[in-house]
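So that the names make sense, note that chain A is the first sequence line, chain B the second, and so on, each numbered from 1.
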There are 2 protein chains.
Amino acid sequence: MKYVHYMTDTTVVLDRVLLLATLVQADLARFEREEGLSTARVHLLWVLGASGPTTQQALAQALDVTPRNVTGLVDGLVASGHVTREPHPSDRRATLVTLTALGTRTVDGLAASHADLAAKLFGDVDPGRLAVFGDVLDETTQRFARLMEKA
Amino acid sequence: MKYVHYMTDTTVVLDRVLLLATLVQADLARFEREEGLSTARVHLLWVLGASGPTTQQALAQALDVTPRNVTGLVDGLVASGHVTREPHPSDRRATLVTLTALGTRTVDGLAASHADLAAKLFGDVDPGRLAVFGDVLDETTQRFARLMEKA
DNA sequence: GAGACATCGTGAAGTATGTTCACTACATGA
DNA sequence: TCATGTAGTGAACATACTTCACGATGTCTC
């Protein structure tokens with residue numbers, strides 16, 4: 001019967017973070033279903049939207065998968081009309097994976113849906129409290145980075 | 001040049017939540033590698049640890065996958081010695097998936113690793129600010145639930 | 001009891017994501 | 001030119017998913 005009443009148990013907090021992330025993940029899954037795309041392919045489109053035309057090697061690094069896997073993902077996205085393989089201007093071995101008009105629309109839609117969700121979730125939170133929230137997130141992320149370095 | 005200086009953009013906050021979740025996910029992946037288990041199998045073990053011996057149907061519901069898929073996951077976990085299939089005492093159709101000693105050790109280890117990470121991440125945060133953090137998480141999760149209902 | 005009908009688990013077959021290994025085509029530096 | 005490295009892909013495979021069909025039980029009703 002110690003005073004665990006002030007229940008600021010760190011595990012509970014971590015669980016809440018994970019729960020929120022799971023819910024947001026579910027929202028992303030809804031988007032994917034609507035677009036008829038998989039998580040892996042949307043991830044690739046997202047990276048492509050942020051970086052512009054990219055070689056498959058670079059995509060493999062960004063997605064943290066093997067180059068061979070990127071070949072398969074790009075195959076699917078070419079078939080669905082979201083990207084094309086363009087020749088690299090200076091390296092004839094490489095191809096530049098490039099968003100089509102459809103691919104660009106999809107990425108834009110995802111960004112809009114993401115911003116919309118963020119506004120709905122955090123828009124009504126008092127600015128001061130939201131600032132604390134953001135700061136704690138930031139500190140925690142940095143603490144995590146330091147932990148990983150040591151290990 | 002509007003005053004976006006006070007950068008409390010909600011999208012940034014959401015991105016930070018997702019980033020932290022991704023990092024925590026990476027820590028879980030490390031655990032999985034060390035134990036030689038996959039995400040799906042660890043998830044099943046975790047549910048089993050929380051619920052005690054469970055039928056495959058119930059596991060399918062809890063994991064939000066098809067019963068057929070649970071069969072495959074349990075097959076793997078039986079082979080690796082983490083669970084056994086016990087006869088259901090009152091329903092001869094069903095089997096009770098049950099943690100072995102090894103399975104229990106694994107779940108305990110995961111729980112310990114989880115609590116340890118939580119303490120490292122949030123243990124040094126000022127209690128008052130951590131309380132605000134937790135509250136905002138809670139409000140946001142509830143807001144999300146309300147959003148889902150309407151849609 | 002005897003059917004009718006639902007439920008539990010699994011075989012068969014198929015898809016997507018991911019791996020490793022081997023190979024071809026091209027790039028680059030000595 | 002010759003050696004060595006790098007970009008992408010074919011082949012083969014593992015895992016996690018799915019749907020559909022089916023046998024074995026449970027359960028409800030007449």
Side-chain angles (χ1 to χ4, degrees), chain A residues 22 25-26 28-33 35-48 51 53-98, chain B residues 22 25-26 28-33 35-48 51 53-98:
Chain A
T22 302
Q25 195 86 5
L28 177 61
R30 180 192 50 74
F31 179 86
E32 291 166 358
R33 270 197 311 279
E35 298 287 329
L37 287 165
S38 66
T39 302
R41 292 180 191 183
V42 167
H43 193 179
L44 195 154
L45 288 181
W46 185 256
V47 169
L48 216 49
S51 320
T54 310
T55 66
Q56 296 188 185
Q57 287 291 334
L59 285 173
Q61 275 192 259
L63 299 175
D64 197 29
V65 297
T66 59
R68 186 58 185 88
N69 191 21
V70 172
T71 299
L73 295 175
V74 171
D75 283 351
L77 288 167
V78 168
S80 60
H82 290 87
V83 306
T84 56
R85 277 189 243 248
E86 303 294 332
H88 191 288
S90 67
D91 187 338
R92 281 188 298 169
R93 295 169 305 178
T95 64
L96 284 178
V97 183
T98 308
Chain B
T22 301
Q25 195 85 7
L28 175 63
R30 180 193 48 74
F31 179 86
E32 291 167 359
R33 270 197 311 279
E35 298 286 330
L37 287 166
S38 66
T39 302
R41 292 180 191 182
V42 167
H43 193 179
L44 195 154
L45 288 181
W46 185 255
V47 168
L48 216 50
S51 320
T54 310
T55 66
Q56 297 188 184
Q57 287 291 335
L59 286 173
Q61 276 192 258
L63 299 175
D64 196 29
V65 297
T66 60
R68 185 59 184 85
N69 190 22
V70 172
T71 300
L73 295 175
V74 171
D75 284 350
L77 287 167
V78 167
S80 60
H82 291 87
V83 305
T84 56
R85 276 188 245 248
E86 303 296 331
H88 191 289
S90 68
D91 187 340
R92 280 188 299 167
R93 295 169 303 176
T95 64
L96 283 179
V97 183
T98 307

Need to verify one output field. Residue with the more 5' nearest nucleotide on DNA chain C, Arg68(A) or Arg41(A)? Arg41(A)

5'-most contact on DNA chain C (nearest-nucleotide basis), Asp91(A) vs Leu73(A), goes to Leu73(A)

Ignoring the backbone of [X], work out which of [options] is nearest its side chain.
X        : options                  : answer
Ala94(B) : dG8(D), dT6(D), dG9(C)   : dG9(C)
Val65(B) : dC17(D), dT19(C), dG8(D) : dC17(D)
Thr71(B) : dA7(D), dT10(C), dT20(C) : dT10(C)
Thr66(A) : dG9(C), dT19(C), dT18(D) : dT19(C)
Pro67(A) : dT10(C), dT9(D), dA16(D) : dT9(D)

Check every strand shown and say whether [X] touches a base, only sugar-phosphate, or nothing at a heavy-atom separation below 4.0 Å.
X        : result
Arg92(A) : sugar-phosphate
Thr39(A) : nothing
Ser38(A) : sugar-phosphate

Residues in side chain to side chain donor-acceptor pair (under 3.5 Å) with Gln25(A), at least two apart?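 In terms of side chain to side chain donor-acceptor pair (under 3.5 Å), with neighbours along the sequence ignored, Gln25(A) is linked to no residue.
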
Spatial distance of atom CG (Leu44(A)) from atom CG (Leu77(A)) [nearest 0.5 Å]: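 It comes to 6.0 Å.
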
Would you say the side chain of Arg85(A) lies within less than 4.5 Å of the side chain of Gln56(A), judging by non-hydrogen atoms?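 In short, these two side chains touch, coming nearer than 4.5 Å.
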
Take a 6.0 Å sphere around CD of Gln61(A) and say whether it holds more than 12 heavy atoms from other residues, nucleotides or ligands.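 Open: at most 12 neighbouring heavy atoms sit under 6.0 Å from CD of Gln61(A).
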
